[in-house]
Amino acid sequence: MAIMTNRRKLLAGLGSSVLLAGCDSWSRNERVREILASAEGLTMRAQRLITDREALAREFTLAEISPRFRANGSRTAETAQGRDYQEMLANNFADFRLQVDGLVQRPLSLSLADLRSMPSRTQITRHDCVEGWSAIGQWKGTPLSRILDLAGLRDNANYIVFHCADTYGAQNRPYYESIDLIDAFHPQTILAYDMNGDVLPEAHGAPLRARIERQLGYKHAKFVMRLEAVESFDNIYGGKGGYWEDVGDYAWYAGI
Ligand SMILES: Nc1nc2c(c(=O)[nH]1)N[C@H]1C(S)=C(S)[C@@H](COP(=O)(O)O)O[C@H]1N2
Ligand SMILES: [Mo]
């Protein structure tokens, strides 16, 4: 197995055998391996010595679901894909198409029916907001890895940007977020269309919101309209990779 050999070589270079545990899962993805082997991967490998970014977030039972899950940040959106958001919502997002573009081999335009017909993942996880509250909810959606595999990332794609339908704050800046490919291919990273067994409510980001379970709440983009694969986010909005990263002093990497 050539894949394992390369990885073993890489990890042997780090002088650690502990990291070999669980290495036969999602990190088989070729692009993730390339990054781990690259110069920029040095930082990530260093990080992996401290925390294993492949580890799964804790999952809970149905009985542990919070009776109330607060909605935070934007509770609605204004315009979505050139249409009135309320109109789209009233129409059950029949005309909604998730755009997947940027550094991909095959740009995609996926309806909710397309996404619902793809393999799904359901998980009960705890949402941790940086403001100090948490809530446990059940999320069902399409693994981001499936969508990225369909689109085919180009070699220079390093990050996935989530473009949202809402604006936030006094300046009405568009909300957006971004993650690296380690998180993008993490098995618990999904675009959720259901919450607690029902269709995702408006206030929680209908029709699609990201769940990135190893990251703090502000990374979990709601009202996701478009995924863009990029080499860097230098030229996207404020250049720091996310709304709160640009506007406040929130860290781009919000791993938990
Ligand atoms: N598009 C968009 N996504 C967003 C936000 C937002 O204002 N707009 N707020 C973020 C923050 S700070 C948190 S804690 C969660 C809240 O998700 P919830 O409304 O489902 O609780 O969404 C995150 N994603
Ligand atoms: Mo948050």
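For clarity, every value in this text was computed on a predicted model and none was experimentally measured.
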Contact summary for [X] and [Y], nearest pair of heavy atoms:
X    : Y    : value
W252 : K219 : O-NZ, 2.7 Å
E202 : Q86  : OE2-NE2, 2.9 Å
Y159 : D180 : CD2-CA, 3.8 Å
G238 : D246 : N-OD2, 2.8 Å
L153 : A229 : CD2-CB, 3.7 Å
I124 : L62  : CD1-N, 3.6 Å

Reported [atom1]-to-[atom2] distance for the pair [X] and [Y], which is rounded to 0.5 angstrom:
X    : Y    : atom1 : atom2 : value
L110 : R97  : CG    : CZ    : 9.0 Å
D52  : R214 : CG    : CZ    : 7.5 Å
Y253 : I179 : OH    : CD1   : 11.5 Å
S145 : I160 : OG    : CD1   : 11.0 Å
S134 : R70  : OG    : CZ    : 9.5 Å

Among residues at least two apart in sequence or on other chains, which ones pass salt bridge (charged side-chain N to carboxylate O under 4.0 Å, His left out) with [X]?
X    : result
E131 : none
E228 : R226
D149 : none
E64  : R58

[X] with [Y], same ILVMFWY side-chain cluster at under 4.5 Å:
X    : Y    : answer
L89  : L191 : yes
M195 : L112 : no
I190 : L56  : no
L200 : L98  : no

Would Y176 and Y237 count as a ring-ring contact (aromatic ring centres under 6.0 Å, His included) if you check the C-alpha gap in whole Å, the side-chain angles of each, and the deciding distance to 0.1 Å? CA-CA 9 Å; Y176 79 105; Y237 299 111; 4.7 Å; yes

Mind checking what makes side-chain contact (heavy atoms from CB on, under 4.5 Å) contact with [X], not counting sequence neighbours?
X    : result
D194 : R116, K140, V199
A206 : Y85, F93
E87  : R83, D84
R146 : M118, P119, T142, P143

Strictly by ring pair (Phe, Tyr, Trp, His ring centres under 6.0 Å), give each pair with a member in residues 191-215 just once, sequence neighbours left out.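 Residue pairs passing ring pair (Phe, Tyr, Trp, His ring centres under 6.0 Å), neighbours aside: F69-H204.
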
With ring pair (Phe, Tyr, Trp, His ring centres under 6.0 Å) as the rule and sequence neighbours excluded, what pairs involving residues 101-126 come up?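 For residues 101-126, and leaving out neighbouring residues, there are no ring pair (Phe, Tyr, Trp, His ring centres under 6.0 Å) pairs at all.
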
A quick test of your reading: do over 12 heavy atoms of other residues, nucleotides or ligands sit less than 6.0 Å from [atom1] of [X]?
X    : atom1 : value
N172 : CG    : yes
R126 : CZ    : no
N156 : CG    : yes

Say whether, by atom type as modelled, one donor and one acceptor occur between the side chain of [X] and the main chain of [Y] under 3.5 angstrom.
X    : Y    : answer
R75  : A71  : yes
N196 : G137 : no
S111 : D114 : yes

Could you walk me through whether H220 and R209 pass side chain to side chain contact (heavy atoms under 4.5 Å, CB included), step by step? CA-CA 7 Å; H220 302 223; R209 67 94 49 81; 3.9 Å; yes

Can you find a pair of side-chain heavy atoms, one from [X] and one from [Y], that are under 4.5 Å apart?
X    : Y    : result
L115 : I147 : yes
Q105 : R154 : yes
H163 : S178 : no
N91  : F96  : no
V230 : I236 : yes

Checking R53 against H186 for the side chain to side chain donor-acceptor pair (under 3.5 Å) test, could you report, in this order, the C-alpha distance in whole Å, the side-chain angles of both residues, the deciding distance, and whether it holds? CA-CA 9 Å; R53 295 193 55 201; H186 188 284; over 6 Å; no

Taking it one step at a time, do E59 and Q188 satisfy side chain to side chain donor-acceptor pair (under 3.5 Å)? CA-CA 10 Å; E59 296 195 15; Q188 288 171 319; 2.6 Å; yes

Taking atom types as modelled, is there a side-chain donor on Q123 or E213 under 3.5 Å from an acceptor on the other? yes

I'd like to know if the side chain of T189 pairs up with that of Q215 as donor and acceptor (distance under 3.5 Å, no hydrogens or angles considered).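 Distance-only check fails for T189 and Q215.
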
Side chain to side chain donor-acceptor pair (under 3.5 Å) involving S74 - partner list, sequence neighbours excluded: D166

With side chain to side chain contact (heavy atoms under 4.5 Å, CB included) as the criterion, how do W139 and T125 come out once you've worked through the C-alpha distance, each side chain's angles and the decisive distance to 0.1 Å? CA-CA 8 Å; W139 306 97; T125 51; 3.5 Å; yes

Passes side chain to side chain contact (heavy atoms under 4.5 Å, CB included), L227 versus Q99? Steps please. CA-CA 6 Å; L227 304 177; Q99 306 298 331; over 6 Å; no

Residues that, via side-chain heavy atoms closer than 4.5 angstrom, fall in one hydrophobic cluster with Y218: V130, Y168, Y175, L216, Y243, W244, V247, Y250, I256

When you look at E231 and L103, which way does the side chain to side chain contact (heavy atoms under 4.5 Å, CB included) test go after all the steps? CA-CA 8 Å; E231 186 163 6; L103 300 173; 4.0 Å; yes

